[in-house]
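To keep things clear, I will list the structure first and then write my remarks on it.
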Amino acid sequence: MRRFTLYDSMTREVRVFAPIAPPRVGMFVCGLTPYDEAHVGHARTFVFFDVVARALRRWGYRVFYVQNVTNLDDKVIARGAELGEEPLALAERNFLQWRADSERLGIRSVGYYPYATDYVPEILSQIQTLIDRGYAYPADGSVYYSVGKFGSYGRLSGQRTESLRPGARVEVDRSKRSPEDFVIWKATTPGEPSWESPWGPGRPGWHIEDTAITLRLFGPRYDLHGGGIDLIFPHHEAEIALAEAATGESPLVNYWMHSGMLNLGGEKMSKSLGNVVSLSEALDEFGPNVLRLFYLNAHYRSPLDFVKGKSLEEAREAYARLALPADRMAGVLSRGSGDRSGTELSEALAKEAESLVDRLDATLAEDFNTREAIALLFGWTRRLVAELPRLDSYSTDALSDLYGPYAWAEEVLGLFVRGPEERAGAWEKLVPILVSARARARARGDFVEADRIRGELAAAGIRLEDDASGTRWEFAGPNP
RNA sequence: GCCGAGGUGGCAGAAUGGUUAAUGCGACGGACUGCAGAUCCGUUUCCUGGGGGUUCGAUUCCCUCCCUCGGCUCCA
């Protein structure tokens, strides 16, 4: 297992990671509330934690990555009412859309997506325990957590309850004994999905679902908890209070990681501000590689600015440059069947490729510095551009060695993902026929015909490039 | 008001107690081209929000102020 460090939001310092029961790592990240489509801001967080899980696995840890789904809450119910859709069905629909999008984005590291509503028995028993221990009280059919009872409340966020502004953004609930208390079981009104409970029909509050899930799956303590930085208060604070009060064990989580927000024009991207760009939309236009490069091109804790019509366009240019040698090599390797003989790599270059992979791991192992890793990859691309003209002459082994740093990025960063059509055989046979027809047209000076062929191919997503050695072709546009 | 994260070139965005402060985008000039594109070569740019302190030396550590963003009880 490789040693690595990460910034722990609880201690506010960079710490060496040590799992409770190596090589196993329990990792929990707060997922979506699927009351609507996911947007490019959500995806930043999940791409980052995907990289964390990928890296840990590469480094020898056995990661069980759980990401919950808040498939029922006020927003889901409200949106359902708006659309005339059953709340749970609405959540299911949006969640499946999210799964499809995250699949396209290359997020495949999550082992389990538990639904909040599948953990109602665990939630009810945790609530009972909290009541028995004096940390929670029923009122008007709901149950509230008594924040004042939990001594270390506020440790993660640095918030002191006395300095909070009750009702700053959310209306104060009159059934609470104290304004900082939060609901863990919510009495339902007729027509809403509900479960029987000792306190009457109701549904789970937001904060408690996560601890019910992690207590069940990981036990009272686990290794890593992640989420957007906007969740620190109150959500993560509440998780700590709920779990530690219920189990009597501390700390609930050994390492807290929070990723920065994606801002749009300096503001947080959110539905209420109406400045969202949906993830599906962005994927359709730019593909996963461009999006991932854009996200990972900043440090995960920094706020990142998203400028519509600019950010992803820039990332697309940058990706095109970064991927040029990688795509060429992948093309050469996939076209041939079996091992090709050819020029072998000079020892110096082979060594360079190998040591670069080490440096990439080392860079990422320092609090997941994806930006530095990408800068190193650009360096490799610069290095290989010189090899471009003679790429075809290298042996399979040599090409694999040269591809090493890109393979690393593919494994850990999820870049250089290629879609199935790039491997589809038909194009490989048909495009060269058209390319040679165009070459003949050019040779006899019929540029109208030559440009027509190039134009038609471009429309079909095939880009032609002429250089000294002839005409190359490749797939243009976003990779799916 | 309180808590937290940030403030680096035209833009995005890294890093470091000490030579030219990375990388990418953009722009400009040149090579190449039937044209285009890609590519190559070259040029272009920040003394790191303001002030003070520590130090031989700070952009980096400390203090203070300003600004931006997030949170302040169901936001990734």
Side-chain angles (χ1 to χ4, degrees), chain A residues 9 12 29-33 38-39 41-46 48-49 67 70 73-76 145 147 154 156-173 176 179-183 186 204-209 226-235 237-238 258-263 266-272 293-294 297-299 301-307 310-311 313-322 324 369-372 374-379 381-382 385-386 388-389 442 445 447 450-451 454-455 458 463-468 472 474 476:
Chain A
S9 314
R12 304 209 175 94
V29 173
C30 288
L32 287 172
T33 301
H39 58 65
H42 296 124
R44 179 189 187 191
T45 299
F46 298 115
F48 170 67
F49 285 107
Q67 191 181 110
T70 308
D73 82 335
D74 289 353
K75 286 181 177 169
V76 173
Y145 185 88
V147 167
L156 176 68
S157 60
Q159 295 276 10
R160 286 168 310 179
T161 50
E162 58 270 27
S163 60
L164 297 177
R165 279 183 171 176
R169 288 184 53 180
V170 176
E171 229 174 292
V172 176
D173 182 337
K176 293 178 181 181
E180 71 268 20
D181 293 350
F182 55 85
V183 67
K186 189 154 182 157
W206 177 37
H207 306 304
I208 200 161
E209 64 176 82
I229 199 168
D230 54 343
L231 295 182
I232 287 185
F233 191 90
H235 185 52
E237 205 69 77
H258 291 99
S259 65
M261 294 289 100
L262 185 73
N263 297 324
E267 279 180 317
K268 175 182 163 180
M269 181 176 293
S270 73
K271 285 282 169 193
S272 51
L293 181 67
F294 170 66
N297 212 184
H299 191 98
R301 281 186 279 124
S302 310
L304 177 60
D305 223 29
F306 182 94
V307 182
K310 180 162 181 288
S311 298
E313 285 73 3
E314 260 182 41
R316 178 166 54 197
E317 294 310 310
Y319 181 75
R321 173 172 176 79
L322 183 64
L324 182 75
N369 196 336
T370 54
R371 185 56 187 97
E372 274 298 293
I374 286 167
L376 290 172
L377 289 169
F378 271 108
T381 285
R382 266 199 316 283
V385 155
L388 239 35
R442 292 174 74 205
F447 298 120
D451 288 353
R454 183 170 62 185
R463 183 172 54 224
L464 300 188
E465 289 172 12
D466 300 322
D467 63 24
R472 294 184 175 281
E474 56 200 13

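Chain letters run A, B, ... following the sequence lines, proteins first, then strands; residues in each count from 1. Heavy-atom basis, side chains included; hydrogens, waters and symmetry copies ignored.
- Nucleic acid contact for A:Gly31: sugar-phosphate only, since backbone atoms but no base atoms lie under 4.0 Å from a heavy atom of the residue.
- If you check every strand for non-hydrogen atoms under 4.0 Å, A:Leu231 touches sugar and phosphate atoms only.
- Within 4.0 Å (heavy atoms only), A:Lys75 reaches sugar-phosphate atoms of the nucleic acid but no base atom.
- With a cut-off of 3.5 Å on both Watson-Crick or G-U wobble distances, the partner of B:A5 is given as B:U68.
- Between the side chain of A:Arg301 and the backbone N or O of A:Ser259, no donor-acceptor pair lies under 3.5 Å.
- Heavy atoms of A:Gly205 sit nowhere under 4.0 angstrom from any nucleic acid atom.
- The same atom, P, is picked in B:A12 and in B:G49; the two are 14 Å apart, to the nearest Å.
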Polar-atom pairs under 3.5 Å, protein N or O versus N or O of nucleotides 11-19 of chain B: list them with distances, or write none.
residue: B:C11; atom: O2'; partner: A:Lys310; partner atom: NZ; Å: 2.2
residue: B:G13; atom: OP1; partner: A:Asp305; partner atom: N; Å: 3.2
residue: B:A14; atom: OP1; partner: A:His299; partner atom: N; Å: 2.5
residue: B:A14; atom: OP1; partner: A:Ser302; partner atom: OG; Å: 2.9
residue: B:A14; atom: O2'; partner: A:Glu372; partner atom: OE2; Å: 2.4
residue: B:A15; atom: OP1; partner: A:Asn369; partner atom: ND2; Å: 3.1

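- With respect to A:Arg321 and A:Glu317, no salt bridge is recorded, no charged nitrogen being found less than 4.0 Å from a carboxylate O.
- When both distances must be under 3.5 Å, the Watson-Crick or G-U wobble mate of B:U16 does not exist.
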Protein-proximity profile, nucleotides 27-39 of chain B, B/S/- by nucleotide at the 4.0 Å heavy-atom cutoff, equals -------BBBBSS

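- Looking at A:Arg382 and A:Val385, their side chains never come closer than 4.5 Å, going by heavy atoms from C-beta outward.
- Going from the C1' atom of B:U33 to that of B:G26 covers 24 Å, rounded to whole Å.
- Nucleic acid contact class of A:Thr33 (heavy atoms, under 4.0 Å, all strands): sugar-phosphate only.
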